[in-house]
Amino acid sequence: MIFMDVFCSICENKDFRRVYAKGRSFVSPCLVTYVLKNRSGDLRMGITTSKKIGNAVKRSRSRRVIREAFRMLAKEVRPGYDLIFVARGKTPTVKSTDVCRAMSRQLRDAGILR
RNA sequence: CGAGCAGGCUGGACAGCUGCGGGCAAAGCCCGAAAGGGCCUGCCUGAGGAAAGUCCGAGCUCCACAGGGCGAGAAUAACGGCUAACGGCCGCCGGGGGUGACCCCAGGGAAAGUGCAACAGAGAGAUACCGCCGGGUGCAAACCCGGUAAGGAUGGAAAGGCGAGGUAAGAGCUCACCAGCGCGCAGGAGACUGCGCGGCUCUGCAAACCCUAUUCGGAGCAACACCGCAGAGGGACAAGAUGUGUCGGCCCGGCACGUCCCGAGAAGGUGGCAUCGAGCCGCGAUGGCAACAUCCGGCCAAGAUAGAUGGUUGUCCACGACAGAACUCGGCUUAUAGGUCUGGUCGCAAA
RNA sequence: GGCCCGGUCGUCAAGCGGUUAAGACACCGCCCUUUCACGGCGGGUUCACGAGUUCGAAUCUCGUCCGGGUCA
């Protein structure tokens, strides 16, 4: 089961498959990030919380934490990329500042931070 | 004080900053020919007791507002009531458990029929292995014939239980009590209970098939309705009777549609849908043991469409369990840290 | 969101309520062989979990937990 969230544009399932197949990935215990340059020039973002995370409460919690972390970093990110954040098992038990730290490190490794 | 029982309520709080969904308002700005859309600002509002499982019952929508016959299937099961309805709830009867408060029960029918009861055991509605008693043969051990089912052994279950009389030994063979069956009387709305009499009886399993009584049309908001976009090419059959679809199976009957095959393309949006209702609240009043009903007063409370309640800081405490609406209600079941209130019970101590 | 199926050793699976739950492949131990393979012998199953019906449940009934399928 896949959930998506919109920041600047929508993500559909074909976009998810494209980013998974062609994008670069960065891994940490509470977050996995996929990055792929797109043609539209917009910044697009999607979140995946699989059923492995837990029940509906834990999946919602993971989505909120990731969305808040991205909201704090969004102005630092250069546009023109599709980003997908995948929640992991520790995500629902962790603070959004921790997710934010992991996310900024991964985006810096990807080289798309201003 | 300790232990335990039943029922109800609650399900972290406050403040600052910063974010999200919905609604309303009006000033400004942007896009547009207009209708309108977007941004910004302010105000209001924003998950649960189980939102869960999808186990029942309904509303709503479409198929014919649900038709006749046959067949099949499913569900329920003491009795009386409540409810829109229910497999739910309340009361009560019967049975079981607990010292008790109280709890549990799919609780119709086994003399309508069929079937099963492995192993053990002589025998599982049919009998005699060891016994007991009488008679016969035999020196004896033992054997044969007959009676009997009290005792032993096996089993979950052994032909009503137990005691007395009776007898060759025994047996409801006779009697008292208890259990079961039938009849009568009394009480009760009824299930049933109590009393009396009679004959002397019959295992268990129907969550085995089945029988009896009652109920049940199907599908489900991904139902369905409307709008828009795209595509509509080729072939065969038929020209009032067939075919197809639908009424979960068949027949009758009804309704709708020309039908079928091959091929190509497709994109979604709006309503349904958000409270005006079998609605919620009240230590309200009346009736009722209660479930509940009637009346009175007050209230209008999420509505997304990849899916909204978050983050962070500080203070406090019991350090926060189970867990997130997706068409809507009434129940049931399952998960659940604690806190709190009310009413009974048992034990100990005191008065 | 709705509606349907299923759960038996590691895997594939049989199993009319009644013995110690058949088999096959795999695994482990022993024997055979100089060694391996083949062959022979032996071993291992809370019948997903919890209740109930029954004398007795893998089987029948109910409830949980998993795993599938299907509907735009």
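The model shown is predicted, which means the values in this text are computed figures rather than measured ones. Letters A, B, ... are given to chains in the order of the sequence lines, protein chains preceding strands, and every chain is numbered from 1.
Figure legend. B:G160 is base-paired to B:C178; pairs are counted as Watson-Crick or G-U wobble with both atom distances under 3.5 Å. Using Watson-Crick or G-U wobble geometry with both donor-acceptor distances under 3.5 Å, B:G233 finds its partner in B:C262. Pairing for B:A308 is absent, judged as Watson-Crick or G-U wobble with the two contacts each under 3.5 Å. Of all nucleotides present, only B:C90 satisfies the Watson-Crick or G-U wobble test against B:G80, with each distance under 3.5 Å. In this structure, B:C316 and B:G12 make a Watson-Crick or G-U wobble pair, each of the two defining distances being under 3.5 angstrom. When both pairing distances are held under 3.5 Å, B:G73 makes a Watson-Crick or G-U pair with B:C216. Of all nucleotides present, only B:G245 satisfies the Watson-Crick or G-U wobble test against B:C255, with each distance under 3.5 Å. The pairing partner recorded for B:A52 is B:U333, the criterion being a Watson-Crick or G-U wobble arrangement whose two distances lie under 3.5 angstrom.
Taking syn as a glycosidic angle within 90° of 0, B:G344 qualifies as syn. Glycosidic conformation of B:G172 is syn; the angle stays within 90° of 0. B:G49: glycosidic angle within 90° of 0, hence syn. Applying the 90° cutoff around 0 to the glycosidic angle, B:G113 is assigned anti. In this structure, B:G240 is classed as syn because its glycosidic torsion stays within 90° of zero.
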Enumerate donor-acceptor pairs with a distance under 3.5 Å from any side-chain N or O in residues 93-103 of chain A to protein atoms, sequence neighbours excluded.
residue: A:T93; atom: OG1; partner: A:K90; partner atom: O; Å: 2.9
residue: A:D98; atom: OD1; partner: A:R101; partner atom: NH2; Å: 2.6

When you compare the protein's N or O atoms with those of nucleotides 46-49 of chain B, which come within less than 3.5 Å of each other, and at what distance?
none

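For the pair A:T33/A:I84, no side-chain contact is recorded, criterion being any heavy-atom separation below 4.5 Å from C-beta on. Between A:Y34 and A:L83 the shortest side-chain heavy-atom distance does not fall below 4.5 Å. In this structure, A:Y20 and A:V86 have side chains that are in contact, with non-hydrogen atoms separated by less than 4.5 Å.
If you take CE of A:M45 and C1' of B:A306, they are 12 Å apart, rounded to a whole angstrom. When rounded to the nearest whole Å, the span between CZ of A:F70 and P of B:G310 equals 21 Å. The nearest whole Å value for the distance from the CG atom in A:L73 to the P atom in B:U312 is 14 Å. In this structure, A:R59 places its CZ atom 18 Å from C1' of B:G310, rounding to the nearest Å.
B:A25 and B:A34 are spaced 23 Å apart, taking the P atom of each and rounding to whole Å. Nucleotides B:C86 and B:G80, compared at atom P, are 15 Å apart to the nearest Å. Annotation: B:C221 and B:A326 have their C1' atoms spaced 10 Å apart (nearest Å). Rounded to the nearest Å, the gap between the C1' atom of B:C348 and that of B:A189 is 49 Å. Nucleotides B:G272 and B:U61, compared at atom C1', are 9 Å apart to the nearest Å. Separating the C1' atom of C:G50 from that of B:G69 is a span of 48 Å, rounded to the nearest Å. Taking atom C1' in both B:U193 and B:G204, one finds a spacing of 29 Å when rounded to whole Å. Distance check on atom C1': B:G4 versus B:A52 gives 33 Å, rounded to whole Å.
Rounded to the nearest 0.5 Å, atoms CZ (A:F26) and CG (A:L107) are 8.5 Å apart. Atoms CG and CZ, on A:L31 and A:R105 in that order, are 10.0 Å from each other to the nearest 0.5 Å.
The shortest heavy-atom contact between A:T49 and A:A87 is CG2-CB, 3.8 Å. In terms of heavy-atom proximity, A:V19 sits nearest to A:L36 at CA-CD2, 4.1 Å.
If you check residues 91-101 of chain A against RNA chain B, the residues with a heavy atom closer than 4.0 Å are A:K95, A:S96, A:T97, listed by number. Within residues 23-36 of chain A, no residue has any heavy atom closer than 4.0 Å to RNA chain B.
Residue A:R63 places at least one side-chain N or O under 4.0 Å from the OP1 or OP2 atom of B:A308. Here A:N55 does not reach the OP1 or OP2 of B:A52: none of its side-chain N or O atoms lies under 4.0 Å away.
Evaluation of the side chain to side chain donor-acceptor pair (under 3.5 Å) rule for A:S28 yields A:Q106 as partners, not counting sequence neighbours. With sequence neighbours excluded, the residues satisfying side chain to side chain contact (heavy atoms under 4.5 Å, CB included) with A:V27 are A:V32, A:R88. Scanning for side chain to side chain contact (heavy atoms under 4.5 Å, CB included) contacts around A:S60 gives A:R63, A:R64, with sequence neighbours left out.
With hydrogens and angles left out, the side chain of A:E68 and the base of B:G19 share no donor-acceptor pair within 3.5 Å.
Under the salt bridge (charged side-chain N to carboxylate O under 4.0 Å, His left out) criterion, no residue pair touches residues 19-37 of chain A, with sequence neighbours excluded.
A chain of hydrophobic side-chain contacts below 4.5 Å, direct or via other Ile, Leu, Val, Met, Phe, Trp or Tyr residues, connects A:V35 to A:L73.
In RNA chain C, the stems built from three or more successive Watson-Crick or G-U pairs (distances below 3.5 Å) are C:1-7 with C:65-71, C:10-12 with C:23-25, C:27-31 with C:39-43, C:48-52 with C:60-64.
In this structure, the side chain of A:T91 engages the main chain of A:C30 through a donor-acceptor pair within 3.5 Å.
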